[in-house]
Amino acid sequence: MKTTNECHLQGGSTFFHGAETQQSFIWRIAFFLSAFFLGLTPMLAAPTAWAEDDLAQSVDSTESVSAHNAVVESGHVDIGPKIVEGEWKILARDDSGATPLWRDLNHFVLKVNDRGLLDAPTQAPYEFLGGKEGQKWWIIPQTQNPDVVWLGWNTQDPEATQRMSRGATMSIGHIHGPGQAWLFLQDGTFGEPRVLVDATVTSPQDVWIDVNTHVHANWVFTQPGVYIAPIRICADMQDGSHMCAQSALRFAVGDSTDPEEALKAPVPEDFTQAENMSTPQSSSADTPSSASVTPGKGGTKTGATSGVSETRISTMTYILIASAVLILILVIVLIVLRSRATRRDIMRVQEERRLHMQNHEV
């Protein structure tokens, strides 16, 4: 026959075992949430560019690489990472000819001719561009205009896709030129524009690109001339390594601008310092009318913001609020479960004590 003390110890043992089980459960949930949100960090910190079915394309591992000087003013071009002889590089995939090939950005110019000249939009939701009535700007549209170069980006090089972990961060530095340059996405004809590169921001601006993704956006140039856009693409590899490469896009905007000037233009000296100081932040068009800038169907799946910084703050705010609510609910559930388990243990100990007393009296 058990003594009263033994009954207390037995009940206490059950209680502590339950507490240990609950603590273990809490630690497992905490570990899962930490791993989940750490994995999302690169994507949450920067706008995300998404691909759509109408941008599907096939990239072959046998496509050649060219270091010869080239100018493209119509047809399809993507910038993106490519692994060449084991080295991570940023190249331009020139699909404007019969056979796609990758080009060295130091020997490549994107010619934005006057057939891309459109009325500057002044109506909502394009106020952020600062356009005024009567102005005309040069546009590379989100959906292909066959008369203008069609510039996008992809993470589809076969070797790169095999080695990349989740995706890449594309950082675009301040675009130097005679006017302002903007880059923005728009979801559908009536979707709100989502700014990826804000002309008023001088520090590098980052876009997250999922692995095996192909995206196009709207490029806007307010004055003719040569524009240089420093660019860097970094990615975590499946083997744990981190790869980065940087170069620059060269634009010759307007029929009167000589592409040779763009080829000879130096990359801004402050680009390397600015890019090295930046932290990768984790981003995924109908032909425009001749009268106004009307970017069409695009790759973004998220809402619009008036700038990149607002996009980052908004996204992270929503995630933090959702995380806090989830954790609060989890804590409440665990407290209720622990309270119920405690009450059951107390009632069991009391019942065992009552039976012990009855047996003792008999």
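Just so it is clear, the values below take in all heavy atoms, side chains as well, and ignore hydrogens, waters and symmetry mates. None of these values were measured; they are calculated from a predicted model.
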To the nearest 0.5 Å, what is the distance between CG on L118 and CZ on R115?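 CZ of R115 is found 13.0 Å from CG of L118.
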Between [X] and [Y], what is the shortest heavy-atom contact and its length?
{"X": "E127", "Y": "P125", "result": "OE1-C, 3.2 Å"}
{"X": "Q57", "Y": "D78", "result": "NE2-OD2, 3.0 Å"}
{"X": "V149", "Y": "V77", "result": "CG2-CG2, 4.2 Å"}
{"X": "N113", "Y": "V148", "result": "OD1-CG2, 4.2 Å"}
{"X": "Y227", "Y": "G177", "result": "CD2-CA, 3.6 Å"}

Scan R163, K89, Q162, M164 and name whichever one has a side chain to side chain contact (heavy atoms under 4.5 Å, CB included) with I83.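 Going through the options one by one, the only one that passes is R163.
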Salt bridge K82-E63, side-chain N to carboxylate O under 4.0 Å: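 No, K82 and E63 are not salt-bridged.
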Going through the checks in order, is the side chain to side chain contact (heavy atoms under 4.5 Å, CB included) test met by Q205 and L196? CA-CA 7 Å; Q205 298 170 76; L196 301 180; over 6 Å; no
Considering residues, nucleotides and ligands other than Q238, do more than 12 of their heavy atoms fall under 6.0 Å from its CD?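 Yes, CD of Q238 has more than 12 neighbouring heavy atoms, counting only those of other groups under 6.0 Å.
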Within a 6.0 Å radius of atom CE on M237, are there more than 12 heavy atoms belonging to other residues, nucleotides or ligands?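 More than 12 heavy atoms, drawn from other residues, nucleotides or ligands, come within 6.0 Å of this atom.
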Would [X] and [Y] show up in the same hydrophobic cluster when neighbours are defined by side-chain heavy atoms closer than 4.5 Å?
{"X": "L105", "Y": "I209", "result": "yes"}
{"X": "I90", "Y": "L183", "result": "yes"}
{"X": "I139", "Y": "L129", "result": "yes"}

Taking ring pair (Phe, Tyr, Trp, His ring centres under 6.0 Å) as the test, write out the residues that go with F251, two or more places apart.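 For F251, the residues satisfying ring pair (Phe, Tyr, Trp, His ring centres under 6.0 Å) (neighbours in sequence not counted) are W219, F221.
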